[in-house]
Amino acid sequence: MNPSPYLDLFVAEAREHLAAAQELTLALEAGAAEGSLRELFRHVHSVKGMAASMGLTAMSALAHDGESLLDRLRAGAPGLGAARGALTGTLSCLERMVAAAERREATVDDPERLALQARLRRELHREEPAAPAFDPGGHAIPEHRAAPPAPGCVRIALIVRRDAGFPAVRAAVVLGRLSKLGRIVRTEPPMAALRMGHFDGRLLVTLVSDLSVRALGTKVAAIDDVETFTLAPGEAPVEPVAAPEARPSLRVRADRIDALLADALDLMTTLGRIHARLGGDSGIEGSIRTARRLYDGLVELRLVPFEIGARRLERAASELSSRLGKPVQVEVTGREVRLDRSLLDGLADPLLHMIRNAIDHGIEPTDERQRRKKPREGRIVVALERRSARLVVTVRDDGRGLDPRAIKQEAVEQGLVTPGQAVRMTDAEALQLITLPGFSTSAALSEVSGRGVGMDIVRSGVEALGGRLRIETRPGRGTRFEMTFPIGVSVVTAYLVRAGGEVFAVPLAALTRIAVLDDQNTEWRGNRRWLAEGESSIAVTRLDELLGLARDGAPGTPMVLMTTSPSGPKGLEVDAVLGRREIVVRPLPAPLQAVSLYAGAACLPDGTIALLLDLAALPA
Amino acid sequence: MDLLTFHVDGTPYALPLAAVAEVVASPAVRPVPKGPAGVLGLAEAGGRVVAVLDLAFLLDEQAPASAPEHLVRLAAPHDRSALAVGSHIGTGRGTPVPGRDPGPGSAGHVIVAGVRHILLDAAQLLARATQSEAP
């Protein structure tokens, strides 16, 4: 593909159109009004045009066929239910092609495109029973296919007299006359467009009336400004879903928001320093609050709810589950969690890979599940959770799980590890082997362990986002993947502490208690200090020692921060607790992202930089 | 080619101005315990928390670590990293010239005001810093 300077813009816009289109297909499924079909048509039409202008002919061709089917459906043709699967598949395929374009692939196409186009065309030419029509004039009228009749509901397609001026005004007059014959439930063009003068002479009206079709025909024929018309029983009117209030929106590149964020942070930091120098009553407290609002507002602009990604996963799971004939239930929790747009986009591929792997290889076929006395339907749970300045995403299934021994054996056979290394490996280390590039998924391995497809891609995708991947399994019971990411920018309530002469931040959410450390409540056992905690005692570790820092000679009251860990409670000794405050945490820059001890860094008002400790990553 | 020039352990180096976002004087660098050896620490520059790369370490120079006099914050896409440099900072126009292997993190040689400088490559330096082991 020829790289275009507009490619990034194309990708961003196409994604927005396709996301909106996917939303609308779900709304239609839930019974939304015909207006949703028009909107859906508009989005697919836009994607077609944009793809054509970028020279992406395969993508444009698929969008064209989707658009043709939608055009027929929005004109009132039945068959939306049957066509929905084809439309959903088309949108997913278009999304994949957008991703291929983003990756600058030489050819932007998809293996499923031709089959989808054939399916769309079948739906397009699907025959439906003819409906009785009333056409007294017999003139050329825009094609209008009849819908299943509903009592009292009539669709009137008419052309307003072309020899007269002010067509929009005449349309309003015609609608006024029609409103005396029944209740107008829908018009095409919509009323708002007509009021703006957008009218080409053709009008489609859905009317609910007590009059018979023939009586209505006589009345419509008597309206002076109607040149020709057709009249047919219409679909049962659906109350239109209230359209969201139209508000102008702007498209802004993420890096521009980032630059503004940096400026706002600079302003906030500078004001904080001035405030600190001037003392408590500096008179700039209001400006500090304004700068904070500005910063928070900019942060908010970058955040999107996971809901968007969740629906994409559910659709993909539903498609694959149908294709493989494996009933699978996907449960997503944490849909409301708001995350940075770049993180949401980066998560899409790893999550899709994991869901596909789980359905294809992890979840057993129905008969096997029944033999194992498992529910017939497989279960996959995707959960998002914010833990202080980190986002934790887990994907777990109740499938057959992984077999570390089989994985080791396969890795040895593929020459990825030596037999000696394999013997020394723990099960947890063996599981990580499936993420090695080149670890193939022979049929034998899939049968034994059921996993391994593209896991190197998953791991590299996770690491590209500064994240870490952990795998746990229970053979026969299922597998759990946990991914931990630094959250783009977040506001965290933290305790600022001093250790080894440096300031660190500890997220409040990670702490269970803070206590003064003295000889009364502690005892030494060997080289280690223990804090009495009720009936038991907790081992205390010095933070400066953990981090390899020299002891701080500055005066202070040693304190112990207590937290929980998988191995039980633990205590962390610091030289002083400086206070509790809300801090704006940013992820560490690229060269430091592999340092797992920290979840980010915050610039304090006095210019100090505090590293946010990830207590879970600190050694015991 | 417009260049930013400076010395590290007495050796003249140059960086294309296009790769520079800003130069900050007298930065406070906060060390990152257990961080990679090629990173001196973190500093605040232009509202960003940036990683300060230890040029002497990355260029295999022998200079002992000392407080940097200037930070050269790199331009996008590396704008969350900065180079710690000492004195003799300046700008000039240079012409690439052939020369023997200039060493790690470098892209060749340039002549600026009649003096041969080693031309640095920001992406290479960053990769080298990321891969460096914790001390």
Side-chain angles (χ1 to χ4, degrees), chain A residues 255-256 258-270 272-273 291 295 298 463 466 489 499-504 543-550 583-598 600-613 617-619, chain B residues 21-22 24-55 57-58 65 67-68 71-84 104-105 121-135:
Chain A
D255 58 350
R256 296 205 172 157
D258 285 347
L260 289 172
L261 263 171
D263 288 344
L265 185 58
D266 195 19
L267 181 65
M268 225 162 60
T269 310
T270 307
R273 282 179 193 159
Y295 186 86
L298 287 165
E463 288 178 351
V489 176
E502 300 290 346
V503 176
F504 296 90
L543 180 58
D544 51 12
E545 283 176 10
L546 274 180
L547 299 176
L549 294 170
I583 53 174
V584 179
V585 178
R586 304 209 57 154
L588 291 175
L592 295 165
Q593 281 180 356
V595 187
S596 61
L597 299 172
Y598 313 109
C603 211
L604 305 179
D606 65 356
T608 309
I609 294 173
L611 283 163
L612 184 72
L613 290 170
L618 286 176
Chain B
E22 64 178 329
V24 182
S26 310
V29 179
R30 185 235 197 274
V32 178
K34 305 281 182 189
V39 179
L40 275 180
L42 292 169
E44 187 238 324
R48 292 165 176 81
V49 174
V50 297
V52 182
L53 310 192
D54 184 347
L55 260 187
F57 175 88
L58 297 174
L71 276 192
V72 177
R73 184 165 71 83
L74 300 173
H78 310 305
D79 52 345
R80 294 204 62 208
S81 293
L83 309 179
D121 180 319
Q124 272 193 51
L125 288 170
L126 200 60
R128 202 166 148 76
T130 306
Q131 287 156 12
S132 60
E133 299 283 332

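Residue numbers start from 1 in every chain, and the chains themselves are labelled A, B, ... in the order their sequence lines are given, proteins ahead of strands.
Contacts of B:A123 classified as side chain to side chain contact (heavy atoms under 4.5 Å, CB included), with partners at least two apart in sequence or in another chain: B:H78, B:D121. B:E22 pairs by the side chain to side chain contact (heavy atoms under 4.5 Å, CB included) definition with B:V24, B:A45, B:R73, not counting sequence neighbours.
The shortest heavy-atom contact between A:A601 and B:L42 is CB-CD1, 3.9 Å. Between B:T130 and A:P591 the shortest heavy-atom distance is OG1-CA, 3.5 Å. Here the shortest heavy-atom pairing between A:Y598 and B:P33 reads OH-O, 2.7 Å.
Contacts with chain A were tallied for B:L53, B:D79, B:V32; B:V32 has the most, counting heavy-atom pairs under 4.5 Å. Comparing B:P36, B:A129, B:G35 by heavy-atom pairs within less than 4.5 Å of chain A, the highest count is held by B:P36.
Using a 4.5 Å cut-off between heavy atoms, A:L549 touches chain B through its side chain atoms alone. Both the backbone and the side chain of A:L588 come within contact range of chain B, each with at least one heavy atom under 4.5 Å from a heavy atom of that chain. There is no contact between A:A264 and chain B, counting heavy-atom distances below 4.5 Å. Residue B:V39 touches chain A through its side chain alone, counting heavy-atom pairs closer than 4.5 Å. Neither the backbone nor the side chain of B:A28 comes within contact range of chain A; no heavy atom of the residue lies under 4.5 Å from a heavy atom of that chain. Residue A:L597 touches chain B through its side chain alone, counting heavy-atom pairs closer than 4.5 Å.
A distance of 10.5 Å separates OG1 in A:T608 from CD in B:E44, rounded to the nearest 0.5 Å.
Looking at B:R30, its side chain never comes within 3.5 Å of a backbone N or O of A:E502 through a donor-acceptor pair.
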